[in-house]
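Report on the following structure.
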Amino acid sequence: MSGDFQAPKGVSEYFPPRSGIFEKVVRKLEQVSLAANYHLIELPVFEDTQLFTRGVGESTDVVTKEMYTFEDRAGRSLTLRPEGTAGVIRSIIEHGLDRGQLPVKLYYRGPFFRAERPQAGRYRQFYQFGIEAVGLDDPYLDAEVISIAHRGFLSLGLKNFDLQITSLGDEESRSKHRVEFLKFLSTLDLDGETLEKVKKNPLRIFDDKRSEIQAQLKGAPVLLDFLTAESSMKFAAVKGALTELGIPFVVNTTMVRGLDYYTGTAFEFVHKGLGAQASIGGGGRYDRLMRTLGGQDLSGIGFGLGIDRIILALESEGLVDSSNENSKLNGGYLDLFIIPIGDAAKLRAINLIENVRKSGFVADMGFGDRSLKGAMKAADKLSARHVLVLGDAELQSGQGRLKRMSDGVEESITLDSIVATLKNSL
RNA sequence: GUGGGCGUAGCUCAGCUGGUAGAGCACCCGGUUGUGGUCCGGGAUGUCGCGGGUUCGAGCCCCGUCGCUCACCCCA
């Protein structure tokens, strides 16, 4: 530990070589989303506090104790976004994006903030990638959204994860179940704190990890058994589509989502190689959110994936080598490294490098005053494919020897043809 | 908010029952004059998280404090 400052508690930071993995994850997820016609929406990281209290739900932990809320200079209450969907919906309504063709298909990514106690895979500033399909209530759209997340994970090489799904049904389904469930809960022996929790959202009790609680929950009325015919058919359609797509899933009858706006389809991707925070992504349908925020009565569905956790998952599956700084996987390599000897050579080198870079190659040069041997070592450490030593002789003759580092073979070239030579070497 | 573990070189860590610090990796220089990867030689680096106490003497013991970490609650 050195220096006078350190990062605020619980934030994740990515610097090379790990930042290369971060970029790769985001790029892959963008790729699969774009391929399904979802497009980028870039939003502010802070919003009117009310957007979240109303949108996410007053009873959720996210709103009651995890928001970074502050006042701006005019006394407005603002909050660093704890999740992505509310902001997306706000923007859709505000800009009338839902007035054209439906569904509106968007993806977003960036930092999110929750004031929690940090632990493995849980940060106060964390990164999410998410998509939203808004405006249509079609179970096949649910399946599409899930399949995009699934495809994203597969394209990153992940294997050790499960997809869990359930249906939270519509309001009728839930109120019928709620009556029976509360009746059941009243027969249990629960402590005060748990009773409080149950009051806010009875289903939350399923998240309790204490075995004495879990034991009591055996035989509890299951929401899935109370689905209306319509909800039931939709859920069956989602499952059918997933099966058709060859996407394995397990129905989790006790799955609980942390945000209040979910209705109908809800899902979660759980990775087995992580700690207590095993969810690498989740989402679901929300029928009321848009109306709640003052928009049209349109349904939507989306997911949020935790980039930090995906990286942990990749590492747990041995899919990235964070110790190898220049692993190609991390994008760390150079097409050309020029070693100039003397100031005149540096001037020429910086010029040559510029041209090489313009042609799309990755190039760097030796700065400072290292020994030639030291500079060669540096080139090697940087995984340079070619090295060119530029000294007085080369400056005068305009000729040089391009060394291929893989086998040490040197090729005589004219300095002006270096780009062409590099192209030929591919 | 609650509980456990830990804080020693840039990184990973060692340091026995208290005697003022070490290894590996990384980094720099060199192994003759302008060419890397292996090998060999050399080198720099720490207020041992911070403050106080016990002691002739503390990285090792005690107290406090800050930080990190894992777990609970909850979630990405």
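Just so we're on the same page: letters track the sequence lines, and every chain starts at 1. In what follows, every heavy atom counts, from backbone to side chain, and hydrogens, waters and symmetry copies are set aside.
Here the P atom of nucleotide B:C74 and the CD atom of A:E66 are 10 Å apart, to the nearest Å. One interatomic measurement links the two molecules: CG of A:D407 to C1' of B:G36, which rounds to 13 Å at whole-angstrom precision. Atom-to-atom, CZ of A:F269 to C1' of B:C75 comes out at 17 Å; the value is rounded to the nearest Å. Remark: P of B:A76 and CD of A:Q119 are 14 Å apart, rounded to the nearest angstrom. Atoms CZ (A:F153) and P (B:A76) sit 12 Å apart, rounded to a whole Å. The CG-P distance, from A:D162 to B:A76, rounds to 17 Å in whole Å. If you take CG of A:D61 and C1' of B:G1, they are 12 Å apart, rounded to a whole angstrom. If you take CG of A:L334 and C1' of B:G36, they are 14 Å apart, rounded to a whole angstrom.
For the pair A:R122 and A:Y262, both in contact range of RNA chain B, the more 5′-proximal nearest nucleotide belongs to A:R122. Residue whose closest nucleotide on RNA chain B sits further toward the 5' end, between A:G10 and A:G281: A:G10.
Both stacking criteria are satisfied for A:F126 over the base of B:A76: a centre-to-centre distance under 5.5 angstrom and an angle between ring planes under 30 degrees.
With no hydrogens or angles considered, a side-chain donor-acceptor pair links A:D170 and A:S231 at under 3.5 Å. Judged by distance alone, the side chains of A:H271 and A:E317 do bring a donor and an acceptor atom under 3.5 Å apart. Between the side chains of A:E132 and A:Y286, at least one donor N or O sits under 3.5 Å from an acceptor N or O. A donor and an acceptor atom, one from each side chain of A:T79 and A:T69, are located under 3.5 Å apart.
A gap of 27 Å separates the P atoms of B:G30 and B:C11, to the nearest Å. Comparing the same atom, P, in B:U12 and in B:A26 gives a spacing of 15 Å after rounding to whole Å. Rounded to whole Å, the separation between the P atoms of B:A23 and B:A9 comes to 14 Å. Rounded to the nearest Å, the gap between the C1' atom of B:G42 and that of B:C6 is 36 Å. B:A14 and B:G46 have their C1' atoms separated by 15 Å, given to the nearest Å. The same atom, P, is picked in B:G19 and in B:A58; the two are 11 Å apart, to the nearest Å.
Contact between the side-chain N/O atoms of A:K381 and the OP1/OP2 oxygens of B:C27 is found at a separation under 4.0 Å. Within the structure, a side-chain polar atom (N or O) of A:S371 is placed less than 4.0 Å from OP1 or OP2 of B:G30. Look at A:K9 and you'll find a side-chain N or O under 4.0 angstrom from OP1 or OP2 of B:C68. For A:R370, a side-chain nitrogen or oxygen approaches OP1 or OP2 of B:C28 to under 4.0 Å.
The side chain of A:Y123 sits closest to B:A76 out of B:A76, B:U35, B:G34. Side-chain proximity of A:S279 to B:U35, B:A76, B:C72: nearest is B:A76. You'll find that the side chain of A:K403 is closest to B:U35, out of B:A76, B:C73, B:U35. Distance from the side chain of A:M376 is smallest for B:U35 among the nucleotides B:A76, B:U35, B:G34. Among B:G3, B:G36, B:A76, the nucleotide with an atom closest to any side-chain atom of A:K377 is B:G36. Nearest nucleotide to the A:E394 side chain, out of B:C73, B:G34, B:C68: B:G34.
Shown here for A:R114 and A:Y68, the closest heavy-atom pair between the two residues is C-CE1, 3.6 Å.
Not a single donor-acceptor contact under 3.5 angstrom links the side-chain atoms of A:E116 to the base of B:G1. Between the side chain of A:E268 and the base of B:A76, no donor-acceptor pair under 3.5 Å is found. If you check distances only, the side chain of A:R117 never reaches the base of B:C70 with a donor-acceptor pair under 3.5 Å. Looking at A:D380, its side chain has no donor and acceptor atom pair within 3.5 Å of the base of B:G37.
Residue contacts for A:S12: at a heavy-atom cut-off of 4.0 Å it reaches no nucleic acid atom on any strand shown. When heavy atoms are screened at a 4.0 angstrom cut-off, A:A393 is found touching base atoms of the nucleic acid. Across all strands, A:I280 comes closer than 4.0 Å only to sugar-phosphate atoms, never to a base (heavy-atom distances). Across all strands, A:G130 comes closer than 4.0 Å to no nucleic acid atom at all (heavy-atom distances). A:A379 comes within contact range of no nucleotide atom at all, as no heavy-atom separation falls under 4.0 Å.
Salt-bridge annotation for A:D137 and A:R288: absent, with no side-chain N of the basic residue lying under 4.0 Å from a carboxylate O of the acidic one. Using a 4.0 Å cut-off between a side-chain N of Lys or Arg and a carboxylate O of Asp or Glu, A:K377 and A:D380 do not qualify as a salt bridge.
A cation-pi contact links A:R81 to A:F112, judged by a cut-off of 6.0 Å to the six-membered ring centre and 45° from its axis.
B:U33 is unpaired under the Watson-Crick or G-U wobble criterion, no partner having all donor-acceptor distances under 3.5 Å.
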